[in-house]
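A quick write-up on the structure given underneath.
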There are 2 protein chains.
Amino acid sequence: MTSSRAAEAGALRREPLSDQVFTRLRDLILTGAIPPGGALPAERELAADYGVNRHAVREAVKRLQQSRLIEVFQGGRTRALDWRRTAGLDLVVDVPGTLDAVTVPGVVHDALEMRACIGADAARLCALRAGDEARAEIVAQAEAFARSGPDLTDLGVADVAWWRLIVEGSGNLAYLLAFNSLVHGAIAMEQVPVDLRSAELLDVEAHRALAERIERRDAAQAERLARELLGRSVPGTADQATTNDQAAVAPI
Amino acid sequence: MTSSRAAEAGALRREPLSDQVFTRLRDLILTGAIPPGGALPAERELAADYGVNRHAVREAVKRLQQSRLIEVFQGGRTRALDWRRTAGLDLVVDVPGTLDAVTVPGVVHDALEMRACIGADAARLCALRAGDEARAEIVAQAEAFARSGPDLTDLGVADVAWWRLIVEGSGNLAYLLAFNSLVHGAIAMEQVPVDLRSAELLDVEAHRALAERIERRDAAQAERLARELLGRSVPGTADQATTNDQAAVAPI
DNA sequence: CTGGTCAACTGTTTGGACCAGCTCTTGCCA
DNA sequence: TGGCAAGAGCTGGTCCAAACAGTTGACCAG
C-alpha cells in the first residue's frame, strides 16, 4: 500500500535523482559515448531528457567536475575530459559493477597489484617508522586475525583492519588515502571473489610472521614477506613470462 | 573599470560560490573543527551563515559526500566521517595550499614517496608488458626529455609526460589513476620546489638508461633504476636511520 | 512505564526567474 | 568585396519560494 509511484513508473528508484544522473553521465564518458573534448548536452537539455529538475543535473555535474571527468565553462559548453589523463584513483570506487562485466576483472586485478606494491612498501616503512605501541598493536591484531572465524568473509574484514594498522604505521598519508580508495572500491568484499584470495587469507602463519618482522623493525624482511603474501592474490606475479603487445591500459 | 561589486564587498571572490563553500567545509573537517561523527549545520543554516543560496550549499555538500568526507541522511543531520578511514587519494589534489603550511611539506613528501613506489613497479611492468611500439616511444621521449631546455620547469613538464608513458605502458589502470591524482595534486609543479628535484631532473643519462632497460625488457634493472632515480627526490630513502615514535599519520 | 501520535526538524525536489559570460550571426562601414 | 563590430541567443551561475519526504523527539493516552 505504499505510494510507490516512481517505482511503478519504472523510471527511477529512490536513489537520489542527482546520483542517478551522475552515474549515467559518468558512464557515457567512461565508455567513450561522449569522447574526450566532446560537449555534454546543456543542463536544461539534460534536465528535460531525464525528466528531472535542472538543480539535480547541476549537482551531478558538480560531482563529475570534481572527479575531473568534465570541464565546465560559464557561457560555453561543458566538455568531457580525457579521463585517462585526468581522473583520479577514486574512480575505481564506483566503476566496478557499473560497466561491462568484461572489463571489471581487469580493474580488480590492477587494484590488487597496486595493493601489493603499496602494502609491501608500507610494511617496510611501518617497520622503520612506527612507534612501539603501534607495532605491538599490529602483533595483537595478527593474533585477532588468527582467531577470526574460518569464514573467508570474516577473514577478509579482519585482514583489511590489520593492513590498515600497517599502512597507518607507515606514516605515509598518501598510502593511507590510496588504501582507502582501494578498499572502498575495487577491492571491496563484494567485488573480489574471496576464494581468489584464499591462498592469502587462510595463511595465518604468514600474517604472524610479517607482524613479527615489523615488531622487530626488520624492514627488509617485512617488505619481502608482505610482497610475497599480497602477491598471492595477483595472478602472474612470479612467473612473469606473459608479454602482451596490445595497447596499454585497455579502453574501458 | 570592472564591476567588481562582490570583490569590493570583501565577502566572496568570483570563484563559484559552491566551490568556496566546499573549501570552507572541507577545511573544517580536515582540521578537526568538525570532528568525525560530528554534525554539520543544517543546509538552511549554512546558507544563511555564508550568505549564499541553499543550492550553492547543496552542490558543495554533494562534493563533500563524493569525497567521502561526510555522510548524508535524509531527515537526519549530515555528519562528518573519519576522513583518515574513508577519504580517497584525490584528497591530496586540493589539500596542498589550503591548510597550514607546516603540514604541506609532509604531504608532498608522502606523495613523492608513493610516486617512487608506484613508478618503480610501473617501470618493471612496463618492461614486461608494454608493446614494441610503446617501448620505442618511451625511448624517443627520453631523448626529447634530454633536449628539453635547461629550465627546471620545462624539465619537470617533460618528466611528467615521460613517466606517463611508462605508467601507461604498465597496463595498470590503478597506477595510471593514482599517477593522475599525484600529478594533479601534491606533485604539481607549483607545489614541489623544483630545486628539490634537481638531482633527479638534471640527470638526463639516468632517464636514458632507464628507457633503454625498458626497451630491452629488462624488468629487474628497469625497476632498480627507476627506484633509484625517483628516490633521489625523497629525503631519507637510503639512510633509513630515523625512527619516529610519535603517532602515525600525523593529524593534519 | 509503555505505546503510539504528532509536530518540528532534517535533506530532496521542483518551478520559475534573472544575472554573467561566451559564440555566432548579422549587418554596417571602409 | 573584405573586415570588423554590435547584438541576439545560447551557455552556465545564482537566487527566491514552495512543497515533498524521511527522522527525531516530545508529548499524551493507556
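Note that the coordinates shown come from a computational prediction; the quantities given were computed from them, not determined experimentally. Below, chain A is the first sequence line, B the second, and so on; all start at residue 1.
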task: Mind calculating the distance between CD (B/E71) and P (C/dT10) to the nearest angstrom?
output: 18 Å
task: Using a 4.0 Å heavy-atom cut-off, write out nucleotides 10-20 of chain D from 5' to 3' as B (base contacted by protein), S (sugar-phosphate only) or - (no contact).
output: -BBBBBBB-B-
- request: Please examine the side chains of A/Q66 and A/R63, heavy atoms only from C-beta on, and report whether any two atoms are closer than 4.5 Å.
  value: no
query: Are the side chain of B/D110 and the backbone of A/L173 linked by a donor-acceptor contact shorter than 3.5 Å?
result: yes
message: Tell me every residue that passes side-chain hydrogen bond (donor to acceptor under 3.5 Å, both in side chains) with A/S18, counting only those two or more places apart in sequence or in another chain.
response: A/E59, B/K62
message: Once you measure the plane-to-plane angle for B/H207 and B/W162, does it fall in the parallel (<30°), tilted (30-60°) or perpendicular (>60°) bin?
response: tilted
- prompt: Counting only N and O atoms by type, is there a donor-acceptor contact under 3.5 Å from the side chain of B/Q20 to the main-chain atoms of B/E15?
  reply: yes
